[in-house]
Every structure is written in structure tokens, then in C-alpha cells.
Enquirer: 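Below you will find the structure I want to go over with you.
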Amino acid sequence: MVAYGYEKLGKPKPEGKPDQFIGKIYTVTSCLVEINRLKRELERARTVSADEEIAKINRDLDEWMSVAAELKQKFPALFEELLERIGEEENPEDSVNKLNRAYEEGDEAAKKLIREVSELCLDGFRETLGRIGVSYDSWDWESDFVWSNQVASVLNKLKKSPYLFVEGGVLEFDAEKVIRELGLRQRLGLRENYEVPPLTLVRADGTTLYTTRDIAYTLWKFEKAEKLINVIGMEQNLAQLQLKIALHALGCDRQADNLVHFAYNLVSLPGYKMSSRRGHFIAFDEVMDEAVKRAFEEVSKRSPQLPEKEKQHIADFVGIGAVRYALIEVDTSKPVVFTWDRVLNFEKNSAPYIQYTHARACSIMRKANRKPEKPAFGLLKEKLEHEIVLALASFPDTFIEAAEYLKPNLIAEYANALSDKFNTFYNAFPVIKAEPKELSDARLALTDSVHIVLRNALDLIGIVAPEKM
RNA sequence: GGGCCCGUAGCCUAGCACGGAUUAAGGCGUCGGCCUUCGGAGCCGAAGGUCAAGGGUUCAAAUCCCUUCGGGCCCGCCA
């Protein structure tokens with residue numbers, strides 16, 4: 001869809017961030033194509049069908065017209081240009097489909113065009129993710145699996161099974177039949193009376209669908225790994241289930257059992273949901289920009305004496321850290337309504353709080369300027385000291401649990417709780433000046449341990465552990 | 001119509017997989033203290049809850065089962 005719009009515009013050079021530039025084209029193009037489609041649908045419906053359907057189409061059309069009005073106001077030049085170019089076409093939807101078909105068939109021009117647009121988007125994604133310290137070891141092209149015939153090979157195997165049927169020229173996968181014949185209902189944790197709907201594998205024009213390609217992709221990934229964790233939104237629950245059933249149908253039970261769908265819930269905006277097709281979203285770049293901006297204000301307020309450059313440096317890791325913490329802190333299954341307040345916390349139960357605690361421990365070590373030479377740990381008699389020791393000792397268990405149950409929030413929670421304990425300790429007892437020296441040394445060792453464990457915990461969730469801030 | 005996820009103080013969340021040491025735990029916000037000590041992005045304290053509602057199982061339920069309500073998602077020749 002977006003490649004279609006991009007080509008109509010004559011493959012313009014991106015202005016600004018490439019993914020955002022392409023994003024605008026996508027939003028406007030998809031809106032115009034949708035309106036065109038609905039209008040044709042409406043004409044067709046008028047000649048044949050009932051009032052009910054006409055009313056439904058009219059409602060959809062109204063909604064998209066208002067989206068169009070919004071987009072026209074936001075990006076007037078782009079909107080006008082695309083409206084004109086797409087307007088020349090009788091059936092833009094058809095052109096999009098044609099392009100898609102050409103791409104799957106390996107047509108050189110289509111390949112070049114679509115890969116070009118995709119690369120532009122990916123460059124933008126990589127830039128954004130780089131800002132928050134995320135990078136990927138490798139990237140794969142779904143289309144490679146089509147061109148290399150891996151998708152065709154999967155389809156051939158499935159065709160030999162009794163689980164495919166053709167309806168209206170479309171190849172369908174009968175997931176329900178697989179469950180019944182292989183007795184998978186319990187294994188998959190499904191209710192007795194729940195019928196899994198069929199999955200369309202191949203369109204009438206011979207092109208494949210996303211989940212079809214995902215079957216081949218998944219099997220390929222299993223050649224490289226024992227366990228697979230697909231991090232995909234929960235709106236894909238059914239598709240992921242069908243994918244797993246398809247693996248069973250292919251006789252790949254081990255792979256199916258080791259395939260985990262790690263579903264996360266959607267983020268919505270107060271009042272409406274995010275939708276890139278409708279241009280309703282907050283870009284992650286914006287979130288980070290705002291976080292760093294607010295962090296800078298905080299730094300300026302708290303440490304006005306620092307040079308500007310130092311403030312900016314601190315604001316960067318504090319702002320980005322706050323965003324990472326906010327994202328990781330909440331269980332992924334919860335529906336989240338986005339508000340700035342929820343992301344930008346600089347007090348307790350936040351990345352900055354833990355970072356501050358870490359810096360504070362480092363500061364004590366700096367100031368002491370000695371190694372704990374003769375620590376007498378038996379002198380650590382305070383209840384709080386015992387609690388800190390126990391908390392430190394439980395870190396490996398927390399790590400294992402977090403990894404085992406895919407709950408990174410446990411690491412954040414742990415670091416926050418350890419910070420609480422250390423800050424209380426810090427406030428109640430002297431470290432450097434404690435008497436006798438053996439006690440001071442023991443407390444220094446404790447402080448050093450807290451610093452190390454906090455650093456490790458922060459590392460795990462990708463948050464900078466600063467020595468000063 | 002069917003399926004899945006979520007519902008814990010004004011707000012945001014932990015605990016739920018493995019029911020019991022939980023008098024239901026934190027944070028934000030509110031109110032009151034700490035400002036002579038190693039970094040105040042801190043520390044101490046207070047108020048605030050029928051764990052959505054109703055049934056059931058159990059010696060024991062926020063946790064397990066059923067029903068209802070509220071919010072979200074899915075049931076596409078989209079991805």
C-alpha cells in the first residue's frame with residue numbers, strides 16, 4: 001500500500017525522519033484508497049443489496065471522510081498531490097494488489113520499489129531504537145521465504161494432509177479438523193466447545209498471506225533455536241494459535257510445543273485508540289524527546305551548578321531510563337492508556353530513583369577512597385542490614401523467575417525494592433564514619449555490593465547505571 | 001453470536017501460574033515531620049480498600065470454579 005503511494009509521488013526523497021515521512025504517505029494513501037473502495041462498494045450495494053448494508057458502508061465512509069479532512073489539514077501539500085495522482089485511477093485497490101502480486105512473483109521493479117520503501121522505514125526504526133539502546137542481531141525479509149520456495153514447500157506438505165480445502169478459489173486451512181483428529185484441544189488449552197475458525201493460506205490470485213509466510217518463517221527459526229518466543233500484540237492471538245496448529249498438522253509437534261506467543265496489550269490514547277492508518281498516534285521519538293526535555297528541567301532544578309553539557313548528558317540517560325522503566329514496569333497483558341504523567345516519573349518507583357541510589361552508593365565508595373580491608377560482617381547486626389544482605393542474595397532467584405515466566409517487570413520491581421532498603425539504611429546509619437573501622441568496612445562492602453547488584457539489574461533492563469548524576 | 005485479555009484506595013500498579021506467616025503491598029496525589037552527619041531525584045509518619053458484583057468449592061479465596069456487569073481485542077482473499 002505504502003509503496004504504491006510512494007511510487008505515485010515519484011519516489012520522493014524523505015524530508016525529516018524517513019519512517020515518519022513514509023508513515024505520512026502510508027496514512028494518506030491508505031485513507032484515499034479506502035474511500036475509493038467504499039465508494040465503489042456503495043455503488044455496487046445500491047444496485048443489489050439491502051438498506052442495512054448501504055447504511056453500514058455509509059457509516060464507514062463518513063468515518064474515513066472525517067479522517068481525510070483531518071489529514072488534509074495536517075499535510076495539505078502531500079494530501080493534494082496524492083488525491084490528484086490516486087484520483088486518476090479507476091481502481092487503486094486493484095493497483096495495490098497488482099503490485100503485491102508482482103512482488104511475490106519476484107518482478108524486479110516491484111522488488112526494488114518495495115525494498116526501497118521498507119529500507120527507508122527500517123532505517124528510521126533503527127535510529128529510534130538506537131536512541132533507547134535497542135538493537136537486533138539480525139533482520140529477515142518475509143518475502144525471501146516466498147522467493148526461496150520455502151513457503152511453497154510448506155504449502156505442498158500441507159496439501160498432502162487432509163486439512164486443506166478450497167473455497168471460492170481460495171486455499172483454506174481447516175484448523176478445527178486438525179484439533180479434532182489429533183486430539184489437541186486440551187494440549188492447546190482450548191475449551192471443549194470452541195471451534196477454531198479456518199485460516200486462509202492463499203488468495204484467489206495466488207499470493208500468500210501473512211500467517212502463511214509465518215509458518216515457513218517459524219520452521220526456519222526452529223532450525224536455529226529450540227524455543228521461540230514471538231513478541232506480538234494480543235490482537236494476533238488467533239493467528240498465532242492457527243500457526244501453532246499448522247505446525248502440528250505438519251507433524252512438527254516439538255516446534256509447536258516450544259512456540260510461545262508473548263502477547264502484549266495495546267496502548268490507547270485517552271478517548272481513542274492509536275491507529276497509524278488514521279494518523280492517530282504518538283511517535284516513540286516524541287515520547288523520548290519529551291522525556292529528555294522534562295529530565296533536563298529536573299536536572300537544572302536539582303543541580304543548577306552543573307555545566308550545560310553535563311546537564312544534557314544526565315538528562316539523556318535519565319529521560320530515556322524513565323521511559324524504559326515505565327514500559328517495563330507494567331504487566332504486558334494490561335491495557336494501557338497513554339498519558340505523559342505515567343511515563344515521566346522522576347521520583348520513587350522510577351528509573352531515576354534507582355539511578356540516583358546507584359550514584360549515591362558510588363559516591364560513598366568514592367568518598368571513602370579505600371577498599372574494605374578488614375570487614376567484620378558479624379558486626380552487621382541491624383535488621384535493615386540483614387534485609388539488604390538477604391535481598392542481595394535473592395537476586396539470582398529473581399532473575400531466574402523473570403526469565404522463566406517472561407516477566408522483566410520483576411527485575412524493575414527488585415531494583416526498586418533494593419533501592420528503598422538502601423536509602424533507608426543510608427539515612428539511618430553512617431558508613432564511612434561508622435565505628436569501629438571493622439564495622440565501617442563491613443558497611444562499605446555492603447554498599448559496594450548494592451552498587452554492583454543495582455548496576456546488574458539496571459543493565460538487564462537496559463537502563464544506564466550512572467556513577468554520578 | 002462465539003473466543004481471548006483486563007477490572008485491586010482519588011489515580012497508577014504488585015500479588016493471581018503453586019489458595020494459607022497478607023493485619024491486602026508499593027508509587028502518585030493529599031496532610032504532618034526530618035533541613036548540625038557519607039548526594040534531599042532522599043528519609044520518617046498519617047489518612048485512604050466491601051481486591052468490579054453475585055454465587056460456589058474449601059478448615060481457609062484477591063488467588064480455584066460458575067454467572068453477571070464494565071473496558072479492550074479477535075472471529076478478513078489485512079498485517
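No experiment lies behind these values; they were computed from the predicted model shown. In the text below, chain A, chain B and the rest are named by the order of the sequence lines, each starting its count at 1.
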Enquirer: Using the C1' atom as the point on both nucleotides, what is the distance between B/rC66 and B/rA46, in whole Å?
Expert: 42 Å
Enquirer: Could you give the CZ-to-P distance, from A/Phe145 to B/rA79, as a whole number of Å?
Expert: 17 Å
Enquirer: Have a look at A/Val196 and say if it touches a base, only the backbone sugar-phosphate, or nothing, with a 4.0 Å heavy-atom cut-off.
Expert: nothing
Enquirer: Looking only at side-chain atoms of A/Lys407, point me to the closest of B/rA14, B/rC74, B/rG15.
Expert: B/rG15
Enquirer: Taking the same atom, C1', in B/rG29 and in B/rA47, what whole-Å distance lies between them?
Expert: 13 Å
Enquirer: Looking at every strand, decide which applies to A/Glu404 at a 4.0 Å heavy-atom threshold: base, sugar-phosphate, or nothing.
Expert: nothing
Enquirer: Roughly how many Å apart are B/rC51 and B/rG7, using the C1' atom of each and rounding to a whole number?
Expert: 10 Å
Enquirer: Calculate the interatomic distance between A/Phe429 atom CZ and B/rC44 atom P; express it in whole Å.
Expert: 11 Å
Enquirer: Could you tell me whether A/Ala359 contacts a base, only the sugar-phosphate backbone, or nothing, with contacts defined as non-hydrogen atoms closer than 4.0 Å?
Expert: base
Enquirer: With respect to the side chain of A/Arg191, which nucleotide from B/rG3, B/rA79, B/rU37 is positioned closest?
Expert: B/rG3
Enquirer: For A/Lys348 and B/rC43, is the shortest distance between a side-chain N/O and OP1 or OP2 below 4.0 Å?
Expert: yes
Enquirer: Can you check the A/Lys421 NZ to B/rC43 P distance for me, whole Å?
Expert: 13 Å
Enquirer: With the side chain of A/Ala204 defined as its heavy atoms from C-beta on, choose the nearest nucleotide among B/rG3, B/rC77, B/rC73.
Expert: B/rC77
Enquirer: Would you indicate what A/Leu444 reaches in the nucleic acid, counting non-hydrogen atoms under 4.0 angstrom: base, sugar-phosphate, or nothing?
Expert: nothing
Enquirer: Would you mind classifying the nucleic acid contact of A/Gly168 as base, sugar-phosphate or nothing, using non-hydrogen atoms under 4.0 angstrom?
Expert: base
Enquirer: Side chain of A/Asp420 only, please: which of B/rG39, B/rC43, B/rA79 is the nearest?
Expert: B/rC43
Enquirer: In whole Å, measure the gap between the P atoms of B/rG55 and B/rA60 for me.
Expert: 16 Å
Enquirer: Between B/rC78, B/rC75, B/rC38, which nucleotide has the shortest distance from any of its atoms to the side chain of A/Val431?
Expert: B/rC38
Enquirer: Once you apply a heavy-atom cut-off of 4.0 Å, does A/Met1 come out as touching a base, just sugar-phosphate, or nothing?
Expert: nothing
Enquirer: Quickly work out the A/Asn369 CG to B/rC38 P distance and round it to whole Å.
Expert: 17 Å
Enquirer: Using the C1' atom on both, measure B/rC31 against B/rU68 and round to a whole Å.
Expert: 40 Å
Enquirer: Would you call A/Leu259 and A/Asn230 a side-chain contact if the rule is heavy atoms closer than 4.5 Å?
Expert: yes
Enquirer: Quick check: any donor-acceptor pair below 3.5 Å linking the side-chain of A/Glu401 to the base of B/rA17?
Expert: yes
Enquirer: Heavy-atom distance under 4.5 Å between the side chains of A/Glu382 and A/Glu387, does that happen here?
Expert: no
Enquirer: Looking for any heavy atom pair under 4.0 Å, which part of the strands does A/Asp331 touch: base, sugar-phosphate only, or nothing?
Expert: sugar-phosphate
Enquirer: Is A/Lys98 paired with A/Asp205 through a side-chain N to carboxylate O contact shorter than 4.0 Å?
Expert: no
Enquirer: Mind calculating the distance between CG (A/Asn237) and C1' (B/rG2) to the nearest angstrom?
Expert: 15 Å
Enquirer: Aromatic rings A/Tyr217 and A/Phe145: how do their planes relate, parallel, tilted or perpendicular, breaks at 30° and 60°?
Expert: tilted
Enquirer: Classify A/Pro197 by what it touches in the nucleic acid, base, sugar-phosphate, or nothing, heavy-atom distance under 4.0 Å.
Expert: sugar-phosphate
Enquirer: Have a look at A/Ile432 and say if it touches a base, only the backbone sugar-phosphate, or nothing, with a 4.0 Å heavy-atom cut-off.
Expert: base
Enquirer: Does a donor on one side chain and an acceptor on the other come within less than 3.5 Å for A/Thr200 and A/Glu172?
Expert: yes
Enquirer: Report the distance from atom CD of A/Gln236 to atom C1' of B/rA79, rounded to the nearest whole Å.
Expert: 7 Å
Enquirer: Donor-acceptor pair under 3.5 Å: do we get one between A/Tyr356's side chain and the base of B/rC43?
Expert: no
Enquirer: Students often mix this up, so state it plainly: with edges at 30° and 60°, are the rings of A/Tyr163 and A/Phe173 parallel, tilted or perpendicular?
Expert: perpendicular
Enquirer: Closest-nucleotide mapping onto RNA chain B: is A/Glu172 or A/Ala295 further toward the 5' terminus? I mean the 5' end.
Expert: A/Ala295
Enquirer: Please report the distance separating the P of B/rU50 from the corresponding atom of B/rC77, rounded so that it comes out in whole Å.
Expert: 48 Å
Enquirer: Could you tell me how far apart A/Lys98 (NZ) and B/rC77 (P) are, to the nearest whole angstrom?
Expert: 21 Å
Enquirer: Please examine the side chains of A/Ile179 and A/Leu188, heavy atoms only from C-beta on, and report whether any two atoms are closer than 4.5 Å.
Expert: yes
Enquirer: What's A/Leu209 touching, base or sugar-phosphate or nothing? Going by heavy atoms closer than 4.0 Å.
Expert: sugar-phosphate
Enquirer: Does any nucleotide pair with B/rA9 by Watson-Crick or G-U wobble geometry, both distances under 3.5 Å, and what is it?
Expert: none
Enquirer: Using a heavy-atom cut-off of 4.0 Å across all strands, would you classify A/Thr424 as base, sugar-phosphate, or nothing?
Expert: sugar-phosphate
Enquirer: Please determine, for B/rG1, whether a Watson-Crick or G-U wobble partner exists with both distances under 3.5 Å, and give it or none.
Expert: B/rC75
Enquirer: Starting from P on B/rG76, measure out to CD on A/Glu167 and report it in whole angstrom.
Expert: 12 Å
Enquirer: Between B/rA17 and B/rC64, how far apart are the P atoms? Round to whole Å, please.
Expert: 5 Å
Enquirer: Under 4.0 angstrom, heavy atoms only, what part of the nucleic acid is A/Val202 near: base, sugar-phosphate, or nothing?
Expert: nothing
Enquirer: Dump the intermediate steps for side chain to side chain donor-acceptor pair (under 3.5 Å) on A/Asn97 and A/Arg203, then the final yes or no.
Expert: CA-CA 11 Å; A/Asn97 292 341; A/Arg203 292 189 186 92; over 6 Å; no
Enquirer: Considering only atom P, compute the distance from B/rU63 to B/rG15 and round it to an integer number of Å.
Expert: 15 Å
Enquirer: Between B/rC43, B/rG40, B/rA17, which nucleotide has the shortest distance from any of its atoms to the side chain of A/Tyr426?
Expert: B/rG40
Enquirer: I want to check something: taking the side chain as every heavy atom from C-beta on, are A/Ser440 and A/Glu435 in contact at a cut-off of under 4.5 Å?
Expert: no
Enquirer: Consider the side chain of A/Ser363, meaning its heavy atoms from C-beta on, and name the nucleotide among B/rC78, B/rG72, B/rG39 that approaches it most closely.
Expert: B/rG39
Enquirer: Counting only Watson-Crick pairs (N1-N3 plus N6-O4 or O6-N4) and G-U wobbles (N1-O2, O6-N3), all under 3.5 Å, who is the partner of B/rG39?
Expert: none
Enquirer: Using purine N1 to pyrimidine N3 plus N6-O4 or O6-N4 for Watson-Crick, or N1-O2 and O6-N3 for G-U wobble, both under 3.5 Å, which nucleotide pairs with B/rU58?
Expert: none
Enquirer: Go through B/rG42, B/rU13, B/rC74 for me and flag the one nearest to the A/Arg342 side chain.
Expert: B/rU13
Enquirer: Name the pairing partner of B/rC31, where a pair is Watson-Crick or G-U wobble with both distances under 3.5 Å, or state none.
Expert: B/rG45
Enquirer: Is the A/His313 ring parallel, tilted or perpendicular to the A/Phe317 ring (thresholds 30°, 60°)?
Expert: perpendicular
Enquirer: Want to settle it: does A/Lys468 or A/Tyr353 sit nearer the 5' end of RNA chain B, counting the closest nucleotide to each?
Expert: A/Lys468
Enquirer: Which nucleotide in the set B/rG39, B/rC73, B/rG71 lies at the smallest distance from any side-chain heavy atom of A/Glu235?
Expert: B/rC73
